[in-house]
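One structure is given below, encoded as structure tokens.
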Amino acid sequence: MQFQWYPGHMTKAKRQMQEDIKLIDLIIELVDARAPLSSRNPDIDELGKQKARLVLMNKADLADAKKTEAWSAYFQDKGCFAVCIDARSRAGMKVIQHTILKACEEKLERDRRRGIKNRPVRAMVVGIPNVGKSTFINTYAGKACTKTGNKPGVTKGKQWIRLNKNVELLDTPGILWPKFEDQRVGLHLALIGSIKDEILNTDGLALELIGILTASYPGSLALRYGIEETRKAEEVLRAIAEARNCLGRGNELDYSKAAAIIVDEFRSGRTGRFTIEMPPKE
Ligand code: G4P
């Protein structure tokens with residue numbers, strides 16, 4: 001399967017982000033816990049080289065908890081703080097708050113030494129489309145936050161959300177573009193729903209997904225659809241089409257209908273919690 005994507009405004013967005021990064025202490029990077037590497041753009045490592053880094057593995061409610069732990073260790077090894085979250089719930093917010101301050105300890109210590117008191121840590125949320133940036137900002141900022149207007153020394157027009165006395169967040173997230181050089185990355189992004197479905201071949205996608213799930217999570221499709229898993233993805237697709245009574249014209253089996261069901265139920269977590277990418281062994 002070939003994936004291609006030519007986003008416009010890429011250079012402009014990057015330049016804007018470079019400017020915004022100058023204003024902050026901490027980069028909060030959201031990735032999708034189901035495919036944490038494919039759902040990030042490594043350019044941020046270069047762009048945010050001088051800054052404290054926090055990786056939030058979002059949509060952890062849809063991912064395999066054990067593998068999320070392995071990913072957490074991977075990001076920590078890279079010098080980032082890492083926390084897994086479900087951005088729609090406020091459950092992990094205390095941990096995030098605590099981790100933000102920990103990640104910025106050096107800056108806070110520097111401020112203390114210079115006699116600067118109560119200067120909040122400034123942070124910015126970044127990530128590729130659909131990883132949950134807006135959801136996170138809405139949940140994290142909640143209703144209690146206050147927006148602060150332009151301040152001296154801050155670029156005109158920037159809005160800061162004051163989360164509490166310690167943390168301020170830039171109200172617009174930085175949008176990164178996924179890197180498509182590797183076709184596996186395109187496949188992972190299509191599976192987690194980050195590429196518009198109109199440009200996708202759902203039948204091919206479902207076959208790839210069947211291949212991944214039968215290899216990494218054997219038995220999960222059998223359990224969900226009451227079928228027998230075989231090594232041939234086409235046979236599994238056929239069995240699911242039969243099990244779900246996917247019929248088209250003339251009562252013929254409609255494989256596309258079955259493919260759409262498989263992809264949809266995977267994305268929504270109804271088939272189970274899966275992580276489709278493992279940390280690279282280095
Ligand atoms: P973005 O700003 O990075 O582009 O992402 P956004 O917040 O718009 O979130 C994209 C989709 O992901 C939304 O679903 C949102 O509800 C969902 N989402 C965000 N965080 C989580 C999470 O931790 N777990 C799960 N399961 N879903 C999450 P949508 O289908 O676009 O809208 P809706 O379903 O909320 O109506």
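Whatever order the structure lists them in is the order used to number ligands and atoms, beginning at 1. The first residue in the sequence is number 1, and the count goes up from there.
At a heavy-atom distance under 4.0 Å, atoms from both the backbone and the side chain of Thr135 approach ligand 1. The residue Leu30 has no part lying near ligand 1, judged by heavy-atom distances below 4.0 Å.
Of the polar atoms of Pro129, none of the N or O atoms is found under 3.5 Å from an N or O of ligand 1, judged by distance alone. Here's the thing with Ala60: none of its N/O atoms is less than 3.5 angstrom from an N/O atom of ligand 1. Taking only nitrogen or oxygen atoms, main chain and side chain alike, Gly132 reaches within less than 3.5 Å of ligand 1.
Nearest to atom 22 (C) of ligand 1 by heavy atom, out of Asp86, Leu62, Leu56, is Asp86.
Residues satisfying the salt bridge (Lys or Arg N to Asp or Glu O under 4.0 Å) test with Lys94, not counting sequence neighbours, are none.
Remark: minimum distance from atom 12 (O) of ligand 1 to any protein heavy atom is reached at Lys59 NZ, 3.0 Å. Shortest contact from atom 28 (C) of ligand 1 to any protein heavy atom: Arg88 CD, 3.6 Å. Scanning all protein heavy atoms for the shortest distance to atom 2 (O) of ligand 1 gives Ser134 OG, 2.6 Å.
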Could you walk me through whether Tyr225 and Glu265 pass the side-chain hydrogen bond (donor to acceptor under 3.5 Å, both in side chains) test, one step at a time?
-> CA-CA 11 Å; Tyr225 299 103; Glu265 297 193 348; 2.8 Å; yes

Tell me, with the steps shown, if Phe81 and Lys102 meet side chain to side chain contact (heavy atoms under 4.5 Å, CB included).
-> CA-CA 9 Å; Phe81 285 78; Lys102 230 166 127 193; 4.2 Å; yes

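For atom 26 (N) of ligand 1, a protein heavy-atom neighbour is found at a distance under 4.0 Å. Remark: atom 31 (O) of ligand 1 lies closer than 4.0 Å to no protein heavy atom. There is a protein heavy atom closer than 4.0 angstrom to atom 6 (P) of ligand 1. Shown here, atom 34 (O) of ligand 1 is out of close reach of the protein: none of its heavy atoms lies under 4.0 Å off. Within the 4.0 angstrom cut-off, atom 19 (C) of ligand 1 has one or more protein heavy-atom neighbours. The protein reaches atom 9 (O) of ligand 1 closely, with a heavy atom under 4.0 angstrom from it.
What you find for Ile24 and Ile27 is that their closest heavy atoms are CD1-CG1, 3.7 Å. Shown here for Leu47 and Gln18, the closest heavy-atom pair between the two residues is CD2-CG, 3.3 Å.
In this structure a side-chain-to-backbone donor-acceptor pair under 3.5 Å is missing from Thr202 to Ala260. Proximity of a side-chain donor or acceptor of Arg273 to a complementary backbone N or O of Ala63 within less than 3.5 Å is detected.
The distance from ligand 1 to the heavy atoms of Asn130 drops below 4.0 Å at these ligand atoms: 1 (P), 3 (O), 4 (O), 5 (O), 10 (C), 11 (C). If you number the atoms of ligand 1 from 1 as listed, the ones under 4.0 Å from a heavy atom of Asp61 come out as 22 (C), 23 (O), 24 (N), 25 (C), 26 (N). Close approach of ligand 1 to Lys133 is summarised as follows: ligand atoms under 4.0 Å from at least one heavy atom of the residue are 1 (P), 2 (O), 3 (O), 4 (O), 5 (O), 7 (O).
Taking the side chain as every heavy atom from C-beta outward, Val126 and Met17 approach each other to under 4.5 Å.
Looking only at atom types and distance, the side chain of Tyr255 has no donor-acceptor partner in the side chain of Glu234 under 3.5 Å away. For the 3.5 Å distance criterion, the side chains of Glu235 and Thr230 qualify, holding a donor opposite an acceptor.
Annotation for Glu228: atom CD does not count as buried by contact number, only 12 or fewer foreign heavy atoms lying within 6.0 Å.
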